[in-house]
Amino acid sequence: MSLILVIGGYGGFGARLCRRLCGDGHEVIVAGRSEAKAGRFCTGLAGARPLVMDRGGDVGAVLERERPDLVIDAAGPFQRSGYAVPRACIAAAVPYLDLADATDFVVGIDALDAESRAAGVAVVSGASSVPALTGAVARRLAEGMDRVFSVDIALSAANRATGGASVVAAILSYVGRPVRLRRGGRWSHAWGWQEMRRRDFHLTDGTALLGRRVAIADVPDHLLLPGLLPGRPAVTFRAGTELRLHMLALWLASWPVRWGWMKSLSGALPWLLPLYGLTSFVGGERSAMSVVLAGEAGGRRLERRWTVIAERGEGLEVPTLAAQLLASDILAGRQPAGARTAAALLDFDRFEPALSRLALRHEFAGRELPPPLYARVMGAAFDRLPPAGRALHDVCRDSGAEGEGRVERGRGLLARALAAAMRFPPEGDWPLHVAFSEDRGVERWTRDFGGHRFASELSAKGGRIVERFGPLRFAFDLPSGPEGLEMRLRRWSAFGLPLPLLLAPRIAAREWQEDDRFRFEVAAALPLVGPIVRYSGWLEPVR
């Protein structure tokens, strides 16, 4: 069989991968900075031998001496890591593979494509849960879809089954930092370890993992999956640990970084790691992951979902499966020369035999999604709207529109103060983008007038559209026809308490189609105060 050098071979993921490779009959060089740790790991493992090696040292000299058939870098973390190791492999004409999940590192690997082609070797990055497995799952879920609107991925790790110090270091590197992703039909950003959500993981056999918390993680999927699926969907990846204490602590720590008070939390690793270790005995060994895709096929809106729940700490085996499979492909000559990510290299069928041998359950499931919010409220009247209006309100999970808008504000001091408190944009003509996101029937509209943003949430209640701005809620009827629709205020409340309609803002809102474009006009005024704001313009859906 082949000789494989695994850097970080006795670490959390590296050790599991080395056992798998030895089980396949390969001879494995277990490399790392500690001779004692490498030696202890290799004791009793047939086909493994230790090697002292620093990935930051003279890698070329090691390759020249050992002459491996393949190098696998499992050391991590790869955040802010350079390409010294793959470049040394290219120079030595040795194929290279890694388990990286760092966005910049994985996505940037194609910078080595010309060099690796010239050397005749394959260079593959991201042979792990992300983006190799998630890419395979997402492509399976998207089969037969005409368009994919969104991909929502969640990973919750068991507290007693962690990847070790390198995983903690990777997380700290992006907590509170901007994370680039696609939303509302354009590239935008979120913040690492924010936008925390509850996720419940269910299987149809009754197996479940409930009440887990997950938050935004920085992974290559955000940049890679939109280009692999029809419709260039929004992709959001959230991750979390089992313990809410960990999640809350990281969420709180993310704010000083986001506000610019700290560059990152990476410098806190030496004292945070021991604190993390104090909680290692708490919790269990159950991990879970889900990939949820929403899209359209043949005019039907569909949600497709893959869920896996791992027992007895075997969730830690999953990140090594792609590397095992791709190592076999590279050694058999099934991967051509060149540098590429692993996001589209494996079909899900390749993973199934290995998954079936682990203590986990996984399944694919799906359902048809209900009509969009406005269609549910308006019924048959929605179909009589002009085409531009129907297209704009055809929101499923994520969409966007762009155009131009004009903003006018009231002249009085109180009117201007109220407009500022509501975060309405300044006066002027602005490029306009509106991002629509939908979750469980509630739509969030984020209006961006040249960088000045304000948002509201819309839902259905009692046959009306209810728009929420903070503690204020406004319920509207929607008289409509082929010419467009209006919004007529019928009720309003603050902090859930109904208020007299006599004291309500005077809101005039209408939508119509002109020159094949969706056009809108919204004006708000207050009794005794006068006009607060008026904004108007046009929008076209982003495709």
Side-chain angles (χ1 to χ4, degrees), residues 149-150 152 183-185 195 197-198 200 234 236 292 294-296 299-303 305 366-401 422 434-447 454-501 504-513 518 520-524 535 539 541:
F149 302 121
S150 69
D152 185 82
R183 285 180 172 173
E195 297 186 23
R197 301 287 187 270
R198 170 182 165 137
D200 296 332
T236 304
V292 182
E296 188 176 57
R300 298 169 60 217
R301 296 167 174 269
L302 304 173
E303 178 187 272
R305 176 187 302 263
R367 66 186 178 104
E368 189 161 354
L369 292 171
L373 173 63
Y374 271 64
R376 296 199 309 274
V377 171
M378 298 178 67
F382 183 80
D383 295 327
R384 294 193 291 270
L385 289 176
R390 292 199 308 273
L392 195 89
H393 291 296
D394 190 19
V395 177
C396 180
R397 298 295 168 83
D398 184 274
S399 63
M422 297 294 289
V434 183
F436 305 95
S437 63
E438 177 265 330
D439 183 27
R440 288 170 289 190
V442 178
E443 295 182 4
R444 182 175 178 83
W445 295 17
T446 303
R447 306 156 181 90
F454 72 100
S456 63
E457 289 186 352
L458 291 90
S459 58
K461 186 177 181 179
R464 293 187 171 116
I465 287 287
V466 177
E467 187 165 16
R468 181 173 74 87
F469 290 89
L472 301 177
R473 284 175 168 81
F474 304 92
F476 295 95
D477 284 338
L478 301 176
S480 62
E483 70 285 349
L485 66 80
E486 297 180 24
M487 299 180 70
R488 293 180 182 171
L489 183 63
R490 294 301 184 224
R491 293 182 181 179
W492 74 306
S493 65
F495 299 99
L497 300 175
L499 297 173
L501 199 58
R506 306 298 187 251
I507 299 174
R510 65 188 185 103
E511 305 170 357
W512 70 98
Q513 180 172 317
F518 173 88
F520 65 93
E521 181 178 68
V522 179
Y535 56 94
L539 289 166

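Counting begins at 1 with the first residue of the sequence. The shown structure was predicted, so the numbers you read here are calculated from the model rather than taken from an experiment.
Residues Arg367 and Leu302 fail the side-chain proximity criterion, which asks for heavy atoms closer than 4.5 Å. Side chains of Glu511 and Leu392 form no contact here, defined as non-hydrogen atoms less than 4.5 Å apart. Counting heavy atoms from C-beta outward, Leu472 and Ser493 have side chains that stay 4.5 Å or more apart. Taking 4.5 Å as the limit, every side-chain heavy atom of Arg468 sits out of range of all side-chain heavy atoms of Leu458. For the pair Phe469 and Met422, the minimum side-chain heavy-atom distance is below 4.5 Å. Looking only at side-chain heavy atoms (C-beta outward), Leu485 and Trp512 stay at 4.5 Å or farther from each other. Two residues are said to be in side-chain contact when any heavy atoms from C-beta on lie closer than 4.5 Å; Tyr535 and Phe520 meet this criterion. Contact check for Arg491 versus Arg473: no side-chain heavy atoms found under the 4.5 Å cut-off.
The nearest pair of heavy atoms linking Asp398 to Gly184 is OD1-N, 3.0 Å. The heavy-atom pair separating Gly441 from Leu373 by the smallest distance is O-CD1, 3.9 Å. Pairing each heavy atom of Pro505 with each of Leu489, the nearest pair is O-CD2, 3.6 Å. For the pair Gly463 and Val377, the tightest heavy-atom approach, listed with the atom from each and the gap, is O-CG1, 3.5 Å. Across all non-hydrogen atoms, the minimal contact from Arg506 to Leu501 is NH1-O, 3.8 Å. Minimum interatomic distance between Ala381 and Ser480 (heavy atoms only, all atoms of both residues): CB-OG, 3.8 Å.
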Does the pair Cys396 and Leu369 meet the rule for a side chain to side chain contact (heavy atoms under 4.5 Å, CB included), with working shown?
-> CA-CA 9 Å; Cys396 180; Leu369 292 171; 3.8 Å; yes
I would like to know whether Leu478 and Ile465 meet side chain to side chain contact (heavy atoms under 4.5 Å, CB included); could you show each step before the answer?
-> CA-CA 8 Å; Leu478 301 176; Ile465 287 287; 3.4 Å; yes
Derivation of the salt bridge (charged side-chain N to carboxylate O under 4.0 Å, His left out) call for Arg510 and Glu486 | CA-CA 4 Å; Arg510 65 188 185 103; Glu486 297 180 24; over 6 Å; no
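A parallel orientation is assigned to the rings of Phe474 and Trp492, their planes being inclined by less than 30° (bins at 30° and 60°).
A side-chain donor-acceptor contact under 3.5 Å links Gln513 to the backbone of Ala388. A distance-only check finds a donor-acceptor pair linking the side chain of Arg376 to the backbone of Pro371 [under 3.5 Å]. Although no hydrogens or angles enter the test, the distance criterion places a donor-acceptor pair under 3.5 Å between the side chain of Arg390 and the main chain of Leu385.
Ion pairing between a basic and an acidic side chain is recognised when a charged N comes within 4.0 Å of a carboxylate O; Glu368 and Arg300 show such pairing. Salt-bridge formation is detected for the pair Arg183/Glu195: a Lys NZ or Arg NE/NH1/NH2 atom is positioned less than 4.0 Å from an Asp or Glu carboxylate oxygen. Comment: Asp477 engages Arg464 in a salt bridge, judged by a side-chain N to carboxylate O separation of less than 4.0 angstrom. Using a 4.0 Å cut-off between a side-chain N of Lys or Arg and a carboxylate O of Asp or Glu, Arg444 and Glu438 do not qualify as a salt bridge.
Checking each of Phe436, Phe382, Trp445 against His393 for a ring pair (Phe, Tyr, Trp, His ring centres under 6.0 Å) leaves exactly one that passes, namely Trp445.
When the shell of 6.0 Å around CZ of Arg197 is examined, it contains more than 12 heavy atoms from other residues, nucleotides or ligands.
To the nearest 0.5 Å, the span separating CD on Glu483 from CZ on Arg384 amounts to 10.5 Å.
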